[in-house]
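Protein chains get the first letters and strands the later ones, always in sequence-line order, with residue 1 at the start of each.
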Amino acid sequence: MIRIYNTLTRKKEEFQTLEPGVVKMYVCGVTVYNDAHVGHAMSALVFDIIRRYLEYRGYKVKHVMNYTDVDDKIINRARQLGEDPLKLSQRYIEDYANDLRNLNVLPPTSTPQVSKTMPHIIQFIQGLIEKGYAYAAPNGDVYFRVTKDDDYGKLSGRRLEDMQAGARIEIGEAKEHPMDFALWKAAKPGEISWDSPWGKGRPGWHIECSAMNLVELGEQIDIHGGGNDLIFPHHENEIAQTECYTGKPFARYWVHNGMLQLGGEKMSKSLGNIVPIKEFLKQRDADVMRMLVLMGSYRAPLIFSDETQDAAEKSLERLKTALRPASPSASGLSAEAASALAAQAESTKQAFIEAMDDDFNTPLALAALYELVKAINTARDNGATDAQLQPAQSMLRELTGVLGLRLQEKQGSGDADKFIDLLVEVRSEVRKQKLWALSDLIRDRLKELGVTLEDTKDGTKWRWS
RNA sequence: GGCGUCGUGGCCAAGUGGUAAGGCAAGGGUCUGCAAAACCCUCAUUCAGGGGUUCGAAUCCCCUCGACGCCUCCA
């Protein structure tokens, strides 16, 4: 039985889907106006891992991730660049999709865009007005009437009175209540706009997700996800809109990932302390970013530093060692030892599932994998053949695959490999003559070039590092 | 000011009532010409601090201190 922490109830709950065997999952994507950073990557990775695990457990997952392609920031950026806003956002949509691909994130089953959902958004707003949950102001804006929604604030645990106490709220003249929020914004001169019953304009931020959910997944969904910075106001307002419109509970489980921290602060575009995904991938393998996410709880802040990245990289190395082949001169394992290894593979799988079932406890799941790593390496040291290692290694591949790790050995560039082979061969001759200084020089210099040599009783092995 | 999350060894981190997982780093050992990798051993009487509940608390309650997120766009 899978248990998931639900932000709405602040508790772990048993996971039961609306429809047996099918998970409807909606995850808030990004606003596309510049390069996505590793904080976005964290969120994408968290929900990719959740999706992969649910699929592993036999669910069919409908994974919807939206693109906000109509927004103030996009309009401003487009104006700066003298570019059409929708062309600009389209460019960044492709760019982000590419970043996700490079991070080995499975493509969502659907990626709706605001600009392509306009009729549904307008219809949604119309419906809210008809039911008295929204009103059109004289200036052409349409607002949601928070006072009409009895349980407004239930997701973030706020009360309207508390929020009014906040000093930073400005009372818009057109609003009935200071916390009323825009469903539709009247167009300013020269701005991109769409026709509506309330004049030319564009949707407010929150309504798009309500509308896309309805179009893509229906009135009720299983999982609604996103970063915990979206809990208020975005998801709060989404619940309000959708539940007032449909009269039904919206999402069963609200799942929020913690923020990625750089230098003790949240990484965000507005703070400017960002590391773009592309920059990260120039320095490190995609697995490193994923490992970083796996090493901590998805709900907790993730510390992004050179130290944590190094640790993630080393941990990956450790997983990879277990996948290396047996010694060619292996004498074979006793039947007893071989079956012990098979037993370890099975118990690791059970422990892995148990850990992941408990709110996707990836650190605990990794601990289970390291047990298998140790068992495999010990078996190899004790003379296991490839055939004997294979079942356990397949299990390790299977489980790390569920987490989305590729665990590929580093590749060199182009034709270098055969020259390294040659160099290693020459060095072996040098070693036979016990010319240690020369042979160590070759090893050290290759190390500097990113090639690690290991002298074993089966000869010298090398790999890119 | 309000709401929320949280504070576990040098670093990352699991554990939410039964006596501290795991990874990285570090030290010692086996192996090696020396390394590397692997394997073995060591590494928190203690869980921010102070009270309380309990036979028993890192885990529950209260207080204090501190960090982070949200209350404005934000994954």
Selection from B/rG22, B/rC12, B/rG69 that lies nearest to any side-chain heavy atom of A/Q261 = B/rG69
May I ask you to check whether A/H256 and A/H235 place their ring centers less than 6.0 Å from one another?
-> yes
Where the side chain of A/I303 is concerned, which of B/rA14, B/rA75, B/rC12 is the nearest nucleotide?
-> B/rC12
Per the 3.5 Å Watson-Crick/G-U criterion and a run length of at least three, the stems involving RNA chain B are B:1-7 with B:65-71, B:10-12 with B:22-24, B:26-30 with B:38-42, B:48-52 with B:60-64
Heavy-atom side-chain proximity of A/R202 to A/I75 below 4.5 angstrom | yes
Looking at residues at least two apart in the chain, or sitting in another chain, which of them share a ring pair (Phe, Tyr, Trp, His ring centres under 6.0 Å) with A/F250?
-> A/H224, A/W254
Are the aromatic ring centres of A/Y253 and A/F15 under 6.0 angstrom apart?
-> yes
Review item, side-chain donor-acceptor pairs of residues 35-43 of chain A, under 3.5 Å, at least two apart:
residue	atom	partner	partner atom	Å
A/H37	ND1	A/G39	N	2.9
A/H40	ND1	A/H37	N	3.0
A/S43	OG	A/N257	OD1	2.9

Side-chain contact test, heavy atoms from C-beta onward, threshold under 4.5 Å: evaluate it for A/S465 versus A/K410 and give yes or no.
-> no
Closest-nucleotide ordering on RNA chain B, the 5'-leading residue of A/S315 and A/S305 | A/S305
For residues 295-302 of chain A, run the donor-acceptor check on the side chains, cut-off 3.5 Å, and write out each pair with its distance to 0.1 Å, sequence neighbours left out.
residue	atom	partner	partner atom	Å
A/S297	OG	A/R299	N	3.2
A/Y298	OH	A/D359	OD1	2.7
A/Y298	OH	A/D359	OD2	3.4
A/R299	NE	A/D359	OD2	3.1
A/R299	NH2	A/D359	OD2	3.1

Let me know which of A/F232, A/F144, A/Y143 forms a ring-ring contact (aromatic ring centres under 6.0 Å, His included) with A/F181.
-> A/F144
Table of protein N/O atoms under 3.5 Å from nucleotides 3-8 of chain B N/O atoms:
residue	atom	partner	partner atom	Å
B/rC3	O3'	A/G157	O	3.4
B/rC3	O2'	A/S156	O	2.8
B/rC3	O2'	A/G157	O	3.1
B/rG4	O2'	A/R10	NH1	3.3

Should A/M395 and A/K349 count as side-chain neighbours, where that means a heavy-atom distance under 4.5 Å?
-> yes
Of the nucleotides B/rC11, B/rG69, B/rG23, which has the atom closest to the A/E265 side chain?
-> B/rG69
On RNA chain B, more 5' by nearest nucleotide between A/T308 and A/G258 is A/T308
Within less than 4.0 Å of OP1 or OP2 of B/rC70, is there a side-chain N or O belonging to A/K266?
-> yes
Summary of protein contacts for nucleotides 26-38 of chain B, nucleotide by nucleotide, where a base hit scores B, a sugar-phosphate-only hit scores S (4.0 Å, heavy atoms) | -------BBBBSB
